[in-house]
Colleague: 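Below are the structure tokens for one structure; questions will follow.
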Amino acid sequence: MTSATFTPVDYQHMAQALRLARRGSNSTRPNPAVGCVIAHGAAVVGEGWHKQAGGPHAEVHALQMAGAQAKGATAYVTLEPCSHTGKTGPCSQALIEAGVARVVAAIQDPNPAVAGQGLAQLSAAGIETHCGLFEAEAAQINAGFFKRMRAGKPRVFTKLASSLDGRTAMASGESVWISGEAARADVQRLRASACAVLTGIGTVLADDPQLNVRDQRLLDQLPAQPVRVVLDSQLRCPAGAKLFASPGRVVLLTTQAGTQQAEQVAALQTAGAEVVVLTDQQGQLCIQTVLQWLGQQQFNNVMVEAGAVLNGALLTAQAIDEIVVYQAMHLMGDGARGLFHLPTVTEMQQRVALQLDDCRQIGDDLRLTLTPSWS
């Protein structure tokens with residue numbers, strides 16, 4: 001692999017490859033979303049994207065479109081071509097056999113099964129290879145996949161709706177509806193981007209939510225509903241919860257499933273739940289153990305829809321990578337409930353620093369996207 005000064009044409013084609021990659025963002029999980037453009041100079045002869053897990057990769061689609069015109073061309077790929085055989089063959093070999101002269105990758109694959117080997121194979125075959133064009137943009141498209149490959153845990157983002165004074169529910173627990181219709185529709189888009197939706201038993205008991213994707217246009221893009229995961233240390237989830245009324249996998253993570261709970265476990269399993277017992281930490285689920293389990297399930301992106309207690313615990317454990325707040329233009333008063341329960345924050349120096357990445361109006365509400373300092 002050689003260093004390169006990329007040309008305006010290189011930037012143009014890689015930008016198109018990134019646009020193609022985004023088309024598969026909701027349909028390729030647990031695999032990364034990848035786009036590919038094959039071109040002779042400014043002329044595009046083939047393009048494609050990874051459409052679904054187990055199906056042909058982006059390079060294969062682009063090579064099929066290019067046909068014989070792939071010979072001597074440059075292939076622009078948003079992720080290093082794979083070099084191993086999984087459900088499909090290695091893309092590095094397909095590019096070699098097609099006779100491409102040059103491969104430009106946006107970023108190296110963090111998967112240990114690839115990790116530089118794809119580019120090395122191409123280079124060994126005499127193909128000019130370069131890496132690093134639009135690297136940050138390519139990493140962002142697959143942020144969850146990258147984190148899971150590198151840390152064994154998913155990217156976790158939490159969605160919250162609050163009043164202008166940062167309140168999520170009245171003291172009584174009443175919270176329907178804080179945000180407007182446009183914001184609620186936008187939440188559907190967020191759910192569709194997640195491999196799993198995580199909540200706590202408190203939210204299930206108080207709100208009885210469904211936590212599923214109900215927008216048919218989004219559903220048509222998904223291989224399945226996001227898996228709904230409930231943290232339920234004491235196994236209090238009712239078998240009649242709305243979570244079980246709609247299709248999709250529902251998992252209860254608990255520390256209790258012994259003989260004393262046998263009847264409750266059986267009822268929940270009959271309702272459609274998977275009951276998974278994890279090691280406890282003083283009778284409660286350990287956040288890090290939960291994250292490791294989520295990673296083992298090959299979840300790249302996990303969306304949190306929960307109350308202040310679970311959100312506070314996740315934030316304290318530095319387990320949240322992104323916070324999305326839909327802020328409604330009304331006030332609920334200082335007696336209402338807050339966004340995060342953070343009892344250990346008692347001094348100004350203990351504040352959790354956040355970076356504002358995006359702010360835009362969604363209907364009558366503001367959507368704030370923030371990242372904690374550790375993310």
Colleague: Without swapping roles, check the side chain of Arg351 against the backbone of Met348 for a donor-acceptor pair under 3.5 Å.
Modeller: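 Answer holds: yes.
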Colleague: Quick one: are Leu133 and Tyr11 in side-chain contact, heavy atoms under 4.5 Å?
Modeller: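 Leu133 reaches Tyr11 side chain to side chain.
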Colleague: Take Val45 and His40 through the test side-chain contact (heavy atoms from CB on, under 4.5 Å) and record every step on the way to the result.
Modeller: CA-CA 7 Å; Val45 296; His40 286 277; 4.0 Å; yes
Colleague: If you round to the nearest 0.5 Å, how far is CG of Asn142 from OG of Ser25?
Modeller: 7.0 Å
Colleague: Decide yes or no on side chain to side chain donor-acceptor pair (under 3.5 Å) for Gln297 and Arg249, but give the supporting numbers first.
Modeller: CA-CA 12 Å; Gln297 297 297 299; Arg249 184 181 172 200; 2.8 Å; yes
Colleague: For the pair Thr168 (side chain) and Gly338 (backbone), establish whether a donor and an acceptor sit closer than 3.5 Å, ignoring hydrogens and angles.
Modeller: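 Side chain of Thr168 to backbone of Gly338, a donor-acceptor pair under 3.5 Å: yes, one is there.
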Colleague: Indicate the atoms forming the closest heavy-atom contact of Pro238 with Phe244, along with that distance.
Modeller: O-CE1, 3.4 Å
Colleague: Could you check whether the rings of His13 and Tyr76 sit parallel, tilted or perpendicular, using 30° and 60° as the cut-offs?
Modeller: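 The arrangement is tilted - the two ring planes meet at 30° to 60°.
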Colleague: Taking the side chain from Asn300 and the backbone from Pro30, do they hold a donor-acceptor pair closer than 3.5 Å?
Modeller: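 Between the backbone of Pro30 and the side chain of Asn300 there is a qualifying donor-acceptor contact (under 3.5 Å).
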Colleague: Find out whether Tyr326 and Val187 are in side-chain contact, i.e. whether some heavy atom of one side chain is under 4.5 Å from a heavy atom of the other.
Modeller: yes
Colleague: How close do Ala70 and Leu63 get, heavy atom to heavy atom, and via which atoms?
Modeller: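 Nearest pair, atom of Ala70 first, then Leu63: CB-CD2, 3.8 Å.
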Colleague: Check whether Ser375 reaches the backbone of Thr371 with its side chain - one donor and one acceptor, N or O, closer than 3.5 Å.
Modeller: no
Colleague: How long is the span from the CD1 atom in Ile201 to the CG atom in Leu253, to the nearest 0.5 Å?
Modeller: 11.5 Å
Colleague: Could you check whether any side-chain heavy atom of Leu252 comes within less than 4.5 Å of a side-chain heavy atom of Thr254, counting everything from C-beta outward?
Modeller: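 The answer is no, as the side chains (C-beta and beyond) never meet within the 4.5 Å cut-off.
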Colleague: Going only through I, L, V, M, F, W and Y residues with side-chain contacts under 4.5 Å, is there a path from Ile320 to Leu354?
Modeller: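 Yes.
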Colleague: Carefully, step by step, assess Gln327 and Arg367 under the rule side-chain contact (heavy atoms from CB on, under 4.5 Å).
Modeller: CA-CA 6 Å; Gln327 194 169 52; Arg367 188 186 71 201; over 6 Å; no
Colleague: Please say yes or no: joined through hydrophobic side-chain contacts below 4.5 Å, possibly via intermediate residues, are Leu198 and Ile323 part of one cluster?
Modeller: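 Same cluster.
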Colleague: Using modelled atom types only, decide if a donor and an acceptor are shared between the side chain of Glu80 and the backbone of Cys82 within a distance under 3.5 Å.
Modeller: no
Colleague: Are Arg184 and Asp186 within salt-bridge range, i.e. N to O under 4.0 Å?
Modeller: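 Here Arg184 does not pair with Asp186 in a salt bridge, since their nearest N and O are not under 4.0 Å apart.
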Colleague: Between Leu205 and Arg236, is there a side-chain heavy-atom distance shorter than 4.5 Å?
Modeller: yes
Colleague: May I ask you to test the Asp365-Met329 pair for a side-chain heavy-atom distance under 4.5 Å?
Modeller: no
Colleague: Got a donor-acceptor contact below 3.5 angstrom from the Thr316 side chain to the Gly312 backbone?
Modeller: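 A pair under 3.5 Å: yes.
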Colleague: Could you state whether Leu310 and Val324 fall into the same hydrophobic cluster, counting links through intermediate Ile, Leu, Val, Met, Phe, Trp or Tyr residues with side-chain heavy atoms under 4.5 angstrom apart?
Modeller: no
Colleague: To the closest 0.5 Å, what do you measure between CZ (Arg217) and CZ (Arg189)?
Modeller: 12.5 Å
Colleague: Check step by step if side-chain contact (heavy atoms from CB on, under 4.5 Å) holds for Val9 and Thr74.
Modeller: CA-CA 11 Å; Val9 168; Thr74 295; over 6 Å; no
Colleague: Would you say Arg228's side chain and Gln210's backbone share a donor-acceptor pair under 3.5 angstrom?
Modeller: yes
Colleague: Is there a side-chain contact (heavy atoms from CB on, under 4.5 Å) between Glu322 and Thr158 once you walk through the steps?
Modeller: CA-CA 6 Å; Glu322 184 176 85; Thr158 184; over 6 Å; no
Colleague: Side-chain contact, heavy-atom cut-off 4.5 Å: Pro226 with Phe299?
Modeller: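 They are not in side-chain contact.
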Colleague: Is it the case that more than 12 heavy atoms not belonging to Asp280 sit under 6.0 Å from its CG atom?
Modeller: yes
Colleague: Hey, does Leu122 have a side-chain heavy atom less than 4.5 Å from the side chain of Ile96?
Modeller: yes
Colleague: Looking at Asp232 and Cys237, would you say the former's side chain and the latter's main chain have a donor-acceptor pair under 3.5 Å?
Modeller: yes
Colleague: Closest approach of Leu218 and Ala192, non-hydrogen atoms and distance?
Modeller: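 Closest heavy-atom pair between Leu218 and Ala192: CB-CB, 4.1 Å.
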Colleague: Quick one: does any side-chain atom of Asp165 pair with a main-chain N or O of Met332 as donor and acceptor, under 3.5 Å?
Modeller: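 At least one qualifying donor-acceptor pair exists.
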Colleague: Any side-chain to backbone donor/acceptor pair from Arg102 onto Glu128? Under 3.5 Å, distance only.
Modeller: no
Colleague: Hey, what do you get for CZ (Arg155) to CZ (Phe146), rounding to the nearest 0.5 Å?
Modeller: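 Output value for this atom pair is 13.5 Å.
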Colleague: Just wondering, are more than 12 heavy atoms of other shown residues or ligands nearer than 6.0 Å to CD in Gln64?
Modeller: yes
Colleague: Lys159 and side-chain contact (heavy atoms from CB on, under 4.5 Å): which single residue from Leu190, Val304, Asn311, Val197 fits?
Modeller: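 So, applying the side-chain contact (heavy atoms from CB on, under 4.5 Å) to Lys159 and each of Leu190, Val304, Asn311, Val197, only Leu190 qualifies.
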Colleague: Do any pairs count as a side-chain hydrogen bond (donor to acceptor under 3.5 Å, both in side chains) and have a residue in residues 195-205, sequence neighbours left out, and if so which ones?
Modeller: none
Colleague: Using a cut-off of 6.0 Å, state whether more than 12 heavy atoms not belonging to Asp220 lie near its atom CG.
Modeller: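 Result for CG/Asp220: enclosed.
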Colleague: Between Ala53 and Arg29, which heavy-atom pair has the shortest distance, and what is it?
Modeller: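 Nearest pair, atom of Ala53 first, then Arg29: CB-O, 3.7 Å.
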Colleague: When rounded to the nearest 0.5 angstrom, what is the spacing between CG in Asn31 and NE2 in His57?
Modeller: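 Asn31 CG to His57 NE2: 5.5 Å, rounded to 0.5 Å.
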Colleague: On a heavy-atom basis, which atom in Leu356 and which in Asp358 lie closest, and how many Å separate them?
Modeller: CD1-O, 3.3 Å
Colleague: Do Leu315 and Leu339 share a hydrophobic cluster (ILVMFWY, side-chain heavy atoms under 4.5 Å, transitive)?
Modeller: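 Leu315 and Leu339: one cluster.
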Colleague: Closest approach of Pro209 and Val204, non-hydrogen atoms and distance?
Modeller: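 That closest heavy-atom pairing would be CD-CA, 3.8 Å.
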Colleague: Mind checking whether Val277 and Leu285 sit in one hydrophobic cluster, side chains of I, L, V, M, F, W, Y counted as touching below 4.5 Å?
Modeller: no
Colleague: Can you tell me how far the CD atom of Gln256 sits from the CD atom of Gln261, to the nearest 0.5 Å?
Modeller: 5.0 Å
Colleague: Of Val302, Val229, Leu278, Val276, which is the lone residue that meets side-chain contact (heavy atoms from CB on, under 4.5 Å) with Val290?
Modeller: Leu278
Colleague: Taking everything shown except Glu181 itself, do over 12 heavy atoms lie less than 6.0 Å from its CD?
Modeller: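 No, the 6.0 Å shell around CD holds no more than 12 heavy atoms from other groups.
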Colleague: Taking the side chain as everything from C-beta on, heavy atoms only, tell me whether Trp49 gets closer than 4.5 Å to Leu18.
Modeller: no
